[in-house]
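So you know, we letter chains A, B, ... as the sequences are listed, proteins then strands, and number each from 1.
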Amino acid sequence: MPELPEVETVRIGLESLIPKKKIKDVTYDWDKSFPNSKNDVDTFMVNASVQRVRRRAKVLLIDLDTSCTLMVHLKMTGQLVFVGEQRFGAGHPNDSLVSSLPDKSTRVTIAFDDGSTLYFNDQRKFGWMKLLPTQAVADEPFMKKVGPEPLDNAFSVAVFTDRIRRRNGTSIKAALLDQTVLAGVGNIYADESLWGAKIHPARIVGTLTNKELSELHRELIYVLKLSIEKGGSTDRNYVNAEGKKGSYIDFARVFRREGLHCLRCGAVIEKSKVAGRGTHTCPACQKP
DNA sequence: CACTTGACCTGTCCGC
DNA sequence: TGCGGACAGGTCAAGT
């Protein structure tokens, strides 16, 4: 589910909610969602306090004061939802998903000593969290191979072009989705940025001009920043750290707009499959 | 090696 | 309604 803007939105929310909170108790129902031993949890999590919440690519990093970090990947349907010590009932203005937690998608429950709780929910069980020494995070296989952050100042057109061209024989969409090329792009923002740059997702990287890649670089940064401003995209399951949906989907130009008119030229948006993923394009603006 | 496909899971939606 | 199949925002292992 969540791509860079959604994970960043969760990070911003958690960073304002959980630092300094002390963990009282941890429970979980599915080993693959949280593979650490009870001994790890008792030794390094229980009685530990949260220091800060970081993000790298689509991974959240919750640093504890035991020199350990909770590494979290939400994959397709994961949620990290914080519920304060005071709960609101159904119908209350502040009521939301949170009033019904935990529910059957709750995989891990982290209770803090002030009565508040952080829930890790994941319907499809693809997501995971794991506890490891903070200095070991960089040695994780994914962290070693993942590409640069697209919203860093250092992510220039030259860097983008150079890295994309490493996948010269594949489609531009597959290259954008490849986390070793650059970090954080998933299906929504691949389609959105390609529409913005008027490039068909199935175009082979080797056929793209530097001018086209320069446009794509600009569009990619634009849609990622816009989405963070809008609190991410809620297509199905995504919610932020307070259980609220994001609104980027209301601003989307092609994603999930099949059958509707292109906002630029009026042609009817089509849906197809590229790089094994549902793909949305304008047949007039984005020529194969 | 470069690239593509299937597997991991559950839930929902669509057509018969 | 009921049922089968396709599909869903990610990543990795196995296949060509």
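With a 4.5 Å cut-off on side-chain heavy atoms, E192(A) and V254(A) count as touching. Considering only heavy atoms from C-beta on, S33(A) stays 4.5 Å or farther from Y28(A) through its side chain. Side-chain contact between R165(A) and F160(A): absent, with no pair of heavy atoms (C-beta onward) separated by less than 4.5 Å. Using a 4.5 Å heavy-atom cutoff, the side chains of T117(A) and T109(A) are in contact. Between L14(A) and L80(A), the closest side-chain pair of non-hydrogen atoms falls below 4.5 Å.
Distance F120(A) CZ to dC9(B) C1': 13 Å, rounded to the nearest Å. Atom NZ of K144(A) is separated from atom P of dT11(C) by 19 Å (rounded to the nearest Å). Per the geometry, CD belonging to Q79(A) stands 19 Å off P belonging to dA8(C), to the nearest Å. Distance D178(A) CG to dT11(C) P: 10 Å, rounded to the nearest Å. As a whole-Å value, the separation of N237(A) CG from dT10(B) C1' is 10 Å. To the nearest angstrom, C1' of dG10(C) lies 16 Å from CZ of R56(A). Distance D103(A) CG to dT10(B) P: 14 Å, rounded to the nearest Å. Counting to the nearest Å, the P atom of dC8(B) and the NE2 atom of H73(A) are 19 Å from each other.
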Please tabulate, one pair per line, each protein N/O and nucleotide N/O from nucleotides 1-3 of chain B that are separated by under 3.5 Å, including the distance.
{"unit_1": "dC3(B)", "atom_1": "OP1", "unit_2": "G169(A)", "atom_2": "N", "d": "2.8"}
{"unit_1": "dC3(B)", "atom_1": "OP2", "unit_2": "R167(A)", "atom_2": "NE", "d": "3.0"}

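Residue contacts for S233(A): at a heavy-atom cut-off of 4.0 Å it reaches a base atom on one of the strands shown. Counting non-hydrogen atoms under 4.0 angstrom, G278(A) reaches the backbone sugars and phosphates but no base. Y189(A) comes within contact range of no nucleotide atom at all, as no heavy-atom separation falls under 4.0 Å. Across all strands shown, D235(A) has heavy atoms under 4.0 Å from base atoms, whether or not it also approaches the sugar-phosphate.
Between dT11(C) and dT12(B), the distance separating the two P atoms is 24 Å to the nearest Å. Using atom P as the reference point in both dA14(C) and dC9(B), the two lie 15 Å apart (nearest Å).
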For K24(A) and D114(A), run salt bridge (Lys or Arg N to Asp or Glu O under 4.0 Å): C-alpha distance rounded to whole Å, both residues' side-chain angles, the deciding distance at 0.1 Å, then the answer.
CA-CA 9 Å; K24(A) 188 177 76 179; D114(A) 64 358; over 6 Å; no

Given the rule in the side chain to side chain contact (heavy atoms under 4.5 Å, CB included) test, do I110(A) and T27(A) qualify, once you have shown the distances and angles that lead to the verdict?
CA-CA 7 Å; I110(A) 299 173; T27(A) 54; over 6 Å; no

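Here F126(A) lies parallel enough and close enough to stack on the base of dC8(B), with planes under 30° and ring centres under 5.5 Å apart.
At least one side-chain nitrogen or oxygen of R277(A) sits closer than 4.0 Å to the OP1 or OP2 atom of dG10(C). Neither OP1 nor OP2 of dC9(B) sits under 4.0 Å from any side-chain N or O of Q123(A). Checking the phosphate oxygens (OP1, OP2) of dC8(B), no side-chain nitrogen or oxygen of K125(A) falls inside 4.0 Å. K75(A) has no side-chain polar atom (N or O) that falls below the 4.0 Å cut-off from OP1 or OP2 of dC12(C). The phosphate of dA8(C) (OP1 or OP2) has a side-chain N or O of K271(A) nearer than 4.0 angstrom.
Residue W128(A) belongs to a hydrophobic cluster whose other members are V59(A), L61(A), M71(A), L132(A), V137(A), F142(A), M143(A), V146(A), with links defined by side-chain heavy atoms closer than 4.5 Å.
Around atom NZ of K198(A), no more than 12 heavy atoms belonging to other residues, nucleotides or ligands sit under 6.0 Å away.
Closest to the K273(A) side chain, of the nucleotides dC9(B), dT11(C), dC7(C), is dC7(C). The R124(A) side chain lies nearest to dA8(C) when the options are dC8(B), dA8(C), dG10(C).
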With pairs defined as Watson-Crick or G-U wobble and both distances under 3.5 angstrom, please note down DNA chain C as a dot-bracket string, | for pairing with another strand.
.|||||||.|||||||

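Checked options R11(A), R55(A), R54(A); the residue passing with D63(A) is R54(A) (criterion: salt bridge (Lys or Arg N to Asp or Glu O under 4.0 Å)).
A centroid separation of less than 6.0 Å is found between the aromatic rings of H217(A) and F155(A).
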